[in-house]
S.K.: 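Structure incoming, see below.
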Number of protein chains: 2
Amino acid sequence: MAGRRTPEGLKEVIRDYRRDQVVAVARRLFGERGTTDVPMDEIAQEAGVARSTVYVYFASRDELLRACLAQMHTQLREAIADAWAQDATPAARLERLIEEMLARIDDDPAFFRLALVAQASPGQGAVAVGAELALIGLDIARLVRDLYDEGAVTGQFRAMDPDRATTLIGQQLYGAIAVRAGEPDPAPRAEAATDIARFVLHGLSPGWAGTA
Amino acid sequence: MAGRRTPEGLKEVIRDYRRDQVVAVARRLFGERGTTDVPMDEIAQEAGVARSTVYVYFASRDELLRACLAQMHTQLREAIADAWAQDATPAARLERLIEEMLARIDDDPAFFRLALVAQASPGQGAVAVGAELALIGLDIARLVRDLYDEGAVTGQFRAMDPDRATTLIGQQLYGAIAVRAGEPDPAPRAEAATDIARFVLHGLSPGWAGTA
DNA sequence: CCCGGATCGGACGCAGTGTCCGACCGGGGG
DNA sequence: CCCCCGGTCGGACACTGCGTCCGATCCGGG
């Protein structure tokens, strides 16, 4: 596979490019009007291909949705990975992680909201769709757990069952994400990230009223 | 209208009863297989009425879903109101509130998960559906805010913008709910409630490792 | 020039929604 | 007693969207 596949490679590229184009259109429309209320005709038309061609790329509506989620997954993963190495302390990393997630939400709140939906919805197709989302959850959960472990051994965080800590932090992140994705006019990102991070670190404990 | 309307009142009762019956069936089926994957035929058949009769009670699928949410809303509201007056300190109330919400989830996790979905999904029908859910959110938010205010003035909670505190606490509750609703085998309720409450109160602050 | 893969566009069967209407049932009033 | 009437039934209807299929068309490479 070392460079002699120009034609085949090129076709692959073209194919991927058009695929991504359809996915991008679908994400936008799904975000705007929901996964059920957008006919395949419209996605195809908007993407500039025939409806039947869409079915060449994606076996069904569900698979298209899954591709949309996978795309978002990849983008989120990359954004967080890029930001991950830039901070030293667990607390700083936590805040960075939060801010990075919020930034991704702000990029495309409508579809993000929808992604949370897809994760939760039952049904046969949704099993696979949910799996796509669970991957994101697991990615983030691993980061969160590493972060907690580091803070715990250095005494910056209180000692508790790491799984439980991960769950609790994860819940806060999930809630923050879901709420922000649904808010028409969310708070400034940096500020919100700081608030959330501080809340995760100290909860409602008095004595932390300052801007520390 | 003072008591001479036995026939009419009776009819109302009968009507409401059958309505609730349809709603109950719909909740179960929606919870099991999602809102889109269960035909109206099946709901009607399972509820023991003709499909056309369902349309006498509910103008559309969306309205039926809204009725399901409204029923859940009512039940949740009542459960929490009952438990509300039983505790004195804000911390105790918080834990009680959490436990009560978890209990409601455990009653019907499938549909609860779905309710969170409905809240988030866009589309024309979903505006009204979302409003139904927003009501629950507002109910809870009001309670949370009262609770925070009380804790803040007595110095048990750190001082901060009440709206922001409410949002942060609400985020944790939302996340906890969503995660629990999706977990096939959730942790014991009382324990989970205690954990969540303690996390909201103290976050990851060291020095709170005990069972206090 | 011709070939072959990709795309187009339009038809098909199928399933589900929401509407409508005639038939039926059961109870209360004339 | 029968009739009337509100509620229910069941089935037909038009309509929309999904997923499949196939012949027609386009276009780049041999």
Side-chain angles (χ1 to χ4, degrees), chain A residues 4-23 25-26 29-30 32-68 118 121-126 128-129, chain B residues 4-23 25-26 29-30 32-68 118 121-126 128-129:
Chain A
R4 83 168 209 282
R5 297 214 179 272
T6 312
E8 266 190 37
L10 180 61
K11 296 215 171 183
E12 283 289 314
V13 170
I14 292 176
R15 185 187 158 87
D16 285 359
Y17 178 79
R18 302 191 85 175
R19 228 185 103 103
D20 281 356
Q21 203 159 0
V22 174
V23 168
V25 169
L29 293 179
F30 283 162
E32 283 170 8
R33 311 215 304 275
T35 51
T36 57
D37 281 343
V38 180
M40 295 292 270
D41 303 74
E42 191 174 345
I43 296 171
Q45 189 182 340
E46 202 97 352
V49 298
R51 194 169 68 100
S52 54
T53 306
V54 175
Y55 279 97
V56 172
Y57 289 115
F58 309 96
S60 69
R61 177 188 206 70
D62 252 25
E63 192 173 309
L64 174 55
L65 176 56
R66 236 170 298 143
C68 292
S121 67
Q124 59 275 37
V129 170
Chain B
R4 82 169 209 283
R5 299 219 177 266
T6 312
E8 267 190 36
L10 180 61
K11 298 215 170 183
E12 283 288 315
V13 170
I14 292 175
R15 184 187 160 86
D16 285 359
Y17 178 81
R18 303 190 84 177
R19 228 186 103 103
D20 281 355
Q21 204 158 359
V22 174
V23 168
V25 169
L29 294 178
F30 283 162
E32 284 169 7
R33 311 215 304 275
T35 49
T36 57
D37 280 343
V38 31
M40 296 291 270
D41 302 75
E42 191 174 345
I43 297 171
Q45 190 181 340
E46 202 97 352
V49 298
R51 193 169 68 100
S52 54
T53 306
V54 175
Y55 279 98
V56 172
Y57 288 115
F58 309 96
S60 70
R61 178 187 207 71
D62 252 25
E63 191 173 309
L64 175 55
L65 176 56
R66 238 171 295 144
C68 293
S121 67
Q124 61 276 36
V129 170

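Here the structure is a predicted model, which is why all the values come from computation and not from measurement. Naming: A, B, ... by sequence-line order, numbering from 1 per chain.
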S.K.: Looking only at the side chain of B:V49 (C-beta and beyond, no hydrogens), which of the listed nucleotides C:dG18, D:dC9, D:dC18 gets closest?
M.R.: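 In terms of side-chain proximity for B:V49, the closest of C:dG18, D:dC9, D:dC18 is D:dC9.
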S.K.: Using heavy-atom distances to pick each residue's nearest nucleotide on DNA chain D, tell me which of B:G48 and A:P39 is more 5'.
M.R.: B:G48
S.K.: Closest approach of B:V56 and B:R15, non-hydrogen atoms and distance?
M.R.: O-NH2, 4.4 Å
S.K.: Taking OH from A:Y57 and C1' from C:dT7, how many angstroms apart are they, rounded to a whole number?
M.R.: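 Computing the A:Y57:OH to C:dT7:C1' distance gives 9 Å.
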S.K.: Rounded to whole Å, how long is the line connecting atom CG of B:D16 with atom P of D:dG7?
M.R.: 13 Å
S.K.: What is the separation between atom CD on B:E63 and atom P on C:dT17, rounded to the nearest whole Å?
M.R.: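 Nearest whole value for this atom pair: 15 Å.
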S.K.: Taking all non-hydrogen atoms of both residues into account, name the closest pair between A:F30 and A:R61 and its distance.
M.R.: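 For A:F30 and A:R61, the tightest heavy-atom pair comes out as CE2-NH2, 4.0 Å.
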S.K.: Would you classify B:V54 as touching base, sugar-phosphate or nothing, given that sugar-phosphate means primed atoms plus P, OP1 and OP2, and contacts are heavy atoms under 4.0 Å?
M.R.: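 If one applies the 4.0 Å heavy-atom cut-off, B:V54 turns out to touch nothing in the nucleic acid.
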S.K.: Which heavy atom of A:A26 sits nearest to which heavy atom of A:C68, and what is that distance?
M.R.: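 Heavy atoms of A:A26 and A:C68 come nearest at CB-SG, 3.7 Å.
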S.K.: Can we say B:R51 and B:E42 salt-bridge, meaning some charged N sits less than 4.0 Å from an Asp/Glu carboxylate O?
M.R.: no
S.K.: Which of these nucleotides, D:dC9, C:dC8, D:dT8, is closest to any side-chain atom of A:S52?
M.R.: C:dC8
S.K.: Does the base of C:dG18 carry an N or O that pairs as donor and acceptor with the side chain of B:S60 under 3.5 Å?
M.R.: no
S.K.: Using whole Å, what does the distance between atom P of nucleotide C:dT19 and atom CZ of B:R61 come to?
M.R.: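 The distance from CZ of B:R61 to P of C:dT19 comes to 14 Å, rounded to the nearest Å.
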S.K.: Give one of base, sugar-phosphate or nothing for B:F58, where a contact means two heavy atoms less than 4.0 Å apart.
M.R.: nothing
S.K.: If you take all heavy atoms of B:E63 and B:Y57, which pair is closest and at what distance?
M.R.: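 In this case the closest contact between B:E63 and B:Y57 is OE2-O, 4.0 Å.
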S.K.: Measuring from the side chain of A:A50 (C-beta onward, heavy atoms only), which nucleotide among C:dC8, D:dC9, C:dT17 has the closest atom?
M.R.: C:dC8
S.K.: Provide, to the nearest angstrom, the distance between the CD atom belonging to A:Q21 and the C1' atom belonging to C:dT7.
M.R.: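 Rounded to the whole Å, the gap is 14 Å.
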S.K.: Without decimals, in angstroms, what is the distance between B:I43 CD1 and C:dT17 C1'?
M.R.: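 The answer, rounded to whole Å, is 12 Å.
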S.K.: Kindly indicate whether the side chain of B:R51 and the base of C:dG18 share any N or O donor-acceptor pair separated by less than 3.5 Å?
M.R.: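 Yes, a donor-acceptor pair under 3.5 Å.
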S.K.: May I have the distance from A:Y55 (atom OH) to C:dG13 (atom C1'), rounded to whole angstrom?
M.R.: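 About 14 Å, once rounded to whole Å.
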S.K.: A:D41 CG to C:dA11 P: how many Å, rounded?
M.R.: 13 Å
